[in-house]
Protein chains: 2
Amino acid sequence: MPKENAGKITSMTTIKEIAKLAGVSRSTVSRVLNNDENVSDQTRVKVQTIINKTGYQPSPVARSLISGRTHVLGLVVPMIVSSLFRDPFFSILAQGISSACTLNNYTLMLWLIEPHSEQRIYDNILNNRLIDGLIVSSSKIGDRLIERLIEKKTPLVQVGRNDCPGVSSVDADNIHGAMQAVKHLVSIGRRQIATITGQMELYSGVDRLAGYKRGLVESSLPILDERIAFGNFTEESGYNQTKLLLAKSKFDGLFVASDTMAFSAIQALQEAGLRVPEDVAVVGFDDIPAAAHNHIPLTTVRQPIQKMGSIAAQTLIDQLEQKDTSTARRIILPTELVIRDSTKKSAFSNHYAPDQVQTTT
Amino acid sequence: MPKENAGKITSMTTIKEIAKLAGVSRSTVSRVLNNDENVSDQTRVKVQTIINKTGYQPSPVARSLISGRTHVLGLVVPMIVSSLFRDPFFSILAQGISSACTLNNYTLMLWLIEPHSEQRIYDNILNNRLIDGLIVSSSKIGDRLIERLIEKKTPLVQVGRNDCPGVSSVDADNIHGAMQAVKHLVSIGRRQIATITGQMELYSGVDRLAGYKRGLVESSLPILDERIAFGNFTEESGYNQTKLLLAKSKFDGLFVASDTMAFSAIQALQEAGLRVPEDVAVVGFDDIPAAAHNHIPLTTVRQPIQKMGSIAAQTLIDQLEQKDTSTARRIILPTELVIRDSTKKSAFSNHYAPDQVQTTT
DNA sequence: CTGAAAGCGCTAACAA
DNA sequence: TTGTTAGCGCTTTCAG
């Protein structure tokens, strides 16, 4: 890097002025700017000197008007209040996406969807012609936004499962993750394993329940309705559904579909006079940092959020730049069981498989 | 709202086509688009009908080329790893900013600064001509980015204290917050109050230390060097500095400049055989959600992060739209003491003053 | 009240 | 290898 563009003249130069200063035409300057071969070395140097001296930067807006591309990616995240305050999911995802953008010379535009102004923001996003493509995170199953984006042919990558043909997606392996959780409980001797599910409007909720069931089946344990309580990922539901479970069934293991719910579930268990993990062993999901803290006997399933972000961004960029054939990609990243209890303090990694990449048409 | 723009033709229409369809000139369409008065009602209706029917949206890029404005705000956040994973600060701030943007028909562009690619991102931001103005959060004292932005005359609002003349800022009242903390400790009978500071490269670190000192002075207690340990907001430093404090002084109260550090401080205290809060009462800062959890005897000082975000955005937008005189504003929002200990479970609000707004030239 | 024409800053044929 | 010309989609004088 040449010793930091010092002595830069802070101005709003245009290509015209550069051309004048260099004594060439605007096209020539443009050629230099775009590394066109058809410029003599002499001219190139002359022009480049002026460009450096003035600190000239071509207007991205003018460029976009011609190219039809802005080099801007959009990120849409629904902000469910509960998760916002506890969960670094969004921060970490954004970090992954942001670094992939930087790497590829893209910038990132952000929409946080608050439930009450959903419609307005949707219109805003849909009519926004400033972005080249969009990453949509954790949308509800059958969300109208996705449909409309598809109609508009917006290049799209979904973070989380998505069944729309033609839409790429990046997801954690929620099914396998939940299976890991159940099997862990089985491995420490639990046989009566209950669950508190997430929202059934989210694939993460649906898939974690599916994984729970499959884990039971593969362990030759029965699936009992009375051991399934339907939460919605909020702390409150974790508490209430635990009370409900306690009322209607007996269990010595509990798989909770999110750490946030798991915290309040543990609280409810303790209030009911049960010891965790002695009487009921609990496994959560997400590995939120509060769990890493002292005295919380919570084993959990971790998803590679940052990686999901960067892969999503990279997938979208590849798609935009046609680096790959325009087939949709379904990428599923492995989860990791993090064992954290009184007896064992350190995290135990268990990568069960290399990244799975499926390609569909 | 007319029954949701149904039957919209999903196309990339231009003003030219609308003009042709409506049988008028492009100028007239433009006038309708911009609510110009000089259009007959008849024509207006005719044109508007076509616009609605086609779902036409004018290209923001073309508009920007003319107006020189993009209606895009930038947000720059340094991503210190430690805070990223524990701290919802960024999420909440972004939420506040985002909602103000939506309200004003702006969109938000995001840069997360990872320490290792700082220089590259700075150049990226500085040369980005896509944004009308920038919100910079928690930058280090004397950060080169701010200087360079000022040179470039980028409209700017700082989240956090900033002394540059001409730069508006929105900050929590860290000084008063720390005073609240100290006075609380005094009020519960502590007289030997130590502190673990934040990073001295951040105003939040500096100001919280200043508030600690002022709190002692106003309580007629001595300021002792041996009771001050310099941390850097990371969990690790909280732990180490507590050990250090324990080695060099005796204290029955501890003000820690962030909850993140406070957690590990408590751990260190407990490992040293001290009871919290009986032997040492601890007050943190930030009110991070993990603190809200069971069994953590941590009183803390809360800052109105979301509000800071929305006010920052609104201030910037006002500045851009010249709604106010172009004087810089320094806005300082009050903090709130949140008492949370074994004896008292519910949060106790203590608004000490209405918003303070200072205006400087 | 409406249309024709010029131009925002840049790129991309097409000539020279 | 270079300059000239047109035009991306829109707004904005300036005539009419």
Side-chain angles (χ1 to χ4, degrees), chain A residues 9-51 54-72 105 127-132 152, chain B residues 9-51 54-72 105 127-132 152:
Chain A
I9 298 173
T10 52
S11 59
M12 205 61 151
T13 340
T14 73
I15 200 174
K16 212 168 164 182
E17 304 179 38
I18 301 296
K20 198 192 301 174
L21 287 175
V24 297
S25 74
R26 296 174 317 183
S27 340
T28 303
V29 178
S30 177
R31 286 189 190 101
V32 172
L33 248 25
N34 297 289
N35 290 316
D36 190 311
E37 296 196 322
N38 296 49
V39 185
S40 70
D41 286 356
Q42 197 186 353
T43 320
R44 184 183 303 282
V45 169
K46 186 170 59 181
V47 173
Q48 192 62 55
T49 309
I50 304 285
I51 290 177
T54 53
Y56 165 72
Q57 292 285 135
S59 149
V61 173
R63 282 184 152 173
S64 295
L65 186 59
I66 297 165
S67 67
R69 315 218 17 291
T70 57
H71 263 65
V72 177
N105 267 304
N127 296 330
N128 182 293
R129 313 248 303 274
L130 233 46
I131 51 165
D132 287 342
K152 286 224 170 192
Chain B
I9 299 173
T10 52
S11 59
M12 207 62 149
T13 338
T14 72
I15 200 174
K16 210 168 165 182
E17 303 178 40
I18 302 296
K20 198 191 302 174
L21 287 176
V24 297
S25 73
R26 295 176 316 182
S27 339
T28 303
V29 178
S30 177
R31 286 189 190 101
V32 173
L33 248 24
N34 297 290
N35 291 315
D36 191 309
E37 295 196 321
N38 295 49
V39 185
S40 70
D41 285 355
Q42 198 185 352
T43 320
R44 184 183 303 281
V45 169
K46 186 170 58 181
V47 173
Q48 192 60 57
T49 308
I50 305 286
I51 290 177
T54 54
Y56 165 72
Q57 292 283 135
S59 150
V61 172
R63 282 184 153 172
S64 295
L65 187 59
I66 298 165
S67 67
R69 318 223 7 297
T70 57
H71 262 66
V72 177
N105 266 305
N127 296 330
N128 182 292
R129 312 247 305 274
L130 234 47
I131 51 165
D132 287 342
K152 286 223 170 192

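Please read these numbers as outputs of a predicted model, since none were measured by experiment. Chain letters run A, B, ... following the sequence lines, proteins first, then strands; residues in each count from 1. All heavy atoms count here, side chains included; hydrogens, waters and symmetry mates do not.
Remark: A/N38, A/V39, A/S40, A/T43 in residues 36-46 of chain A come within less than 4.0 Å of DNA chain D through at least one heavy atom. Annotation: proximity of residues 17-29 of chain A to DNA chain C (heavy atom, distance under 4.0 Å) is found for A/R26, A/S27, numbered in ascending order.
Taking atom CG of B/N34 as the reference point, atom P of C/dT2 lies 15 Å away to the nearest angstrom. The distance from atom CD1 of A/I66 to atom C1' of C/dA13 is 13 Å, rounded to the nearest whole Å. Look at CZ on A/R69: it is 15 Å from C1' on D/dC8, rounded to the nearest Å. Nucleotide D/dC8 holds its P atom 13 Å from the CD1 atom of B/I15, rounded to whole Å. In this structure, CG of A/L65 is placed 18 Å from P of D/dA6, rounded to the nearest angstrom. Atom P of nucleotide C/dG9 and atom CG of A/L33 are separated by 15 Å, given to the nearest angstrom.
Put simply, the side chain of A/R129 and the base of D/dG9 share no donor and acceptor less than 3.5 Å apart.
Side-chain N/O atoms of A/R63 include one lying less than 4.0 angstrom from OP1 or OP2 on C/dT11. OP1 and OP2 of C/dG9 both lie 4.0 Å or more from every side-chain N or O belonging to A/S59. Note on A/Y56: every side-chain N or O is 4.0 Å or more away from OP1 and OP2 of C/dG9.
Considering CD1 of B/I18 and OG1 of B/T54, their distance stands at 3.5 Å, rounded to 0.5 Å. Remark: A/N34 CG to A/R63 CZ distance equals 5.0 Å, nearest 0.5 Å. Interatomic distance, CG of A/D36 versus CZ of A/R44, reported as 7.5 Å (0.5 Å rounding). Taken from OG in A/S67 to CG in A/D132, the straight-line distance is 7.5 Å, to the nearest 0.5 Å.
A donor-acceptor pair under 3.5 Å links the side-chain atoms of A/T70 to the main chain of A/L130, judged by distance alone. Remark: the backbone N or O of A/R26 is not paired with any side-chain donor or acceptor of A/S30 at under 3.5 angstrom.
Residues B/L33 and B/I15 form a side-chain contact, since some pair of their non-hydrogen atoms from C-beta on lies under 4.5 Å apart. When side chains are defined from C-beta on, B/K152 counts as touching B/N127, because their heavy atoms get closer than 4.5 Å.
Residue contacts for A/T14: at a heavy-atom cut-off of 4.0 Å it reaches the sugar-phosphate backbone alone, with no base atom in range.
Side-chain contact, A/T28 with A/S25: a donor N or O sits under 3.5 Å from an acceptor N or O.
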